[in-house]
Novice: 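The structure is given below, and queries will be raised subsequently.
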Amino acid sequence: MLTAFARAFKTPDLRKKLLFTLGIIVVYRIGTNIPIPGVDYRNVQACLDAAQANQGLFGLVNMFSGGALLQITIFALGIMPYITASIILQLLTVVIPRLEALKKEGQAGTAKITQYTRYLTVALAVLQGTGLVATARSGALFQGCPVGNQIVPDQSMFVTITMVITMTAGTALVMWLGELITDRGIGNGMSILMFISIAATFPSALWAIKEQGDLADGWIEFGTVLLVGLVMVGLVVFVEQAQRRIPVQYAKRMIGRRSYGGTSTYIPLKVNQAGVIPVIFASSLLYIPALIVQFSNSTAGWAAWITKNLADTGATPHIILYFFLIVFFAFFYVAITFNPEEVADNMKKYGGFIPGIRAGRPTAEYLSYVLNRITWPGSLYLGLISLVPTMALAGFGANQNFPFGGTSILIIVGVGLETVRQIESQLQQRNYEGFLR
């Protein structure tokens, strides 16, 4: 690995891309620490130090923003609006024929969908920014903070609009930085920024576990959590790399005096075909009832039941519903992103077939059968990995900033593997062995 990094920095154009990516990362991390106008920075830090952040409602967005959300900085929303917009556009592609036609147009259609994603990102940033400002003004962003309602001292309309515009502009800037990395750097820009945001929270979360520990001044809990994290990373790498390879044979064709085709390849079906999307869907859906209760300020029986059973991440109903939602969304997302009939038609069009399976409808039925069989272990694996933070709360007495949660580990490992693959592929393109050693 060290040799590969040394070779990467020895290659001029690859070194330029790596340094450009690192520069964008530095700019992004600086922006996550600059507070927006109208916020009392001292009161925010006092609340962060003295109160427990309401992670049940804002933990996911705070993680994707690298801790910038609860500090109410210019990059407070991070890349969460872009992620949400991308998921919405991907789902609408299946429903709206116009978007489906654009997807099939190739590069021009993809550019149009990307433009729609940008517009939707800005709209979602305005909505989420307004919600965050309203929550900060009401003092509900932190629990038990004595100065929680003094985070925004001046609650005039002008200051509120300025705060929303600043956060929306910060989201647009983050989106632009991510696209710069994609065009001129290494890897997918948004994935890299997501990776950095999550990794930035690891040191403080690990140190908080050490400070809260009782055995040997917390070092035993610290080492145990670190060991569990390494085991989880190994497990996630193993499952994320696992795939079912369905062999495909292409018939040989004679055109004139030349023969074409006759090659053998395979269709790689990953065990975790849906990635981290089901976890995000399930988390967002479970946050909706808790948000309704918080903003309604109701003391009725239904509000108390939701607060006790759904808003509390350690409650048994929350755990059970969370697990089943992840399994459901795993099958749902795989069903809308992989179309066995379309794959079978493309294979038949180009003379391909699966050995032992007739082309056309039998091929589509076989692909659907195999996909359902491998999606079951993939969905169960996602559900179990996502419950690790809850088990950590009970087992280690950790806070809700437990670093090795399912969502964070899945993203860290997935983005890391993909980035390393891209670096290796570019190294192979520039490394030619001569005839003589």
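Below, each value reflects all heavy atoms present in this structure, side chains not excepted, and no hydrogens, waters or symmetry copies.
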Novice: Nearest heavy-atom pair of Val279 and Ser386: which atoms, and what distance?
Specialist: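 Smallest interatomic distance, heavy atoms only, reads CG2-OG, 3.3 Å.
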Novice: Above 12 or not: heavy atoms from other molecules or residues under 6.0 Å from CD of Glu341?
Specialist: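 Atom CD in Glu341 is not crowded, with 12 or fewer foreign heavy atoms closer than 6.0 Å.
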Novice: How about Gln115 and Tyr119: does a side-chain donor come under 3.5 Å of a side-chain acceptor?
Specialist: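 Result is yes, a qualifying pair exists.
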Novice: For Leu387 and Phe323, which heavy atoms make the closest approach, and how far apart are they?
Specialist: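 It is CD1-CD1, 4.1 Å.
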Novice: Hey, does Tyr82 have a side-chain heavy atom less than 4.5 Å from the side chain of Leu124?
Specialist: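 A side-chain contact under 4.5 Å is absent here.
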Novice: Does a side-chain heavy-atom distance below 4.5 Å link Leu367 with Ile267?
Specialist: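 A side-chain contact exists here, since the closest heavy-atom pair is under 4.5 Å.
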Novice: Using ring-ring contact (aromatic ring centres under 6.0 Å, His included) as the criterion, point out the one residue from Trp376, Phe338, Phe324 that pairs with Phe331.
Specialist: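 When Trp376, Phe338, Phe324 are each tested with Phe331, the ring-ring contact (aromatic ring centres under 6.0 Å, His included) holds only for Trp376.
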Novice: Indicate every side-chain donor-acceptor pair of residues 238-246 with a distance under 3.5 Å to a residue at least two apart or in another chain.
Specialist:
residue	atom	partner	partner atom	Å
Glu240	OE2	Asn272	ND2	2.7
Glu240	OE2	Tyr381	OH	3.1
Gln241	OE1	Arg421	NH2	2.7
Gln243	OE1	Arg245	NE	2.9
Arg244	NH2	Tyr366	OH	3.3

Novice: Report the residues that fulfil side chain to side chain donor-acceptor pair (under 3.5 Å) with Thr160, sequence neighbours left out, ordered by chain and then residue number.
Specialist: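 Thr160: side chain to side chain donor-acceptor pair (under 3.5 Å) contacts with Arg137.
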Novice: Would you find more than 12 non-hydrogen atoms of other residues, nucleotides or ligands less than 6.0 Å from Arg15 atom CZ?
Specialist: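 Atom CZ in Arg15 is packed in, count exceeds 12.
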Novice: Taking ring-ring contact (aromatic ring centres under 6.0 Å, His included) as the definition, give me every residue that meets it alongside Trp176, ordered by chain and number, with sequence neighbours left out.
Specialist: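 Trp176 satisfies ring-ring contact (aromatic ring centres under 6.0 Å, His included) with no residue once adjacent residues are dropped.
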Novice: For the residue pair Tyr333 / Gln90, report whether a side-chain donor-acceptor contact shorter than 3.5 Å exists.
Specialist: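 On atom types as modelled, these side chains qualify, holding a pair under 3.5 Å.
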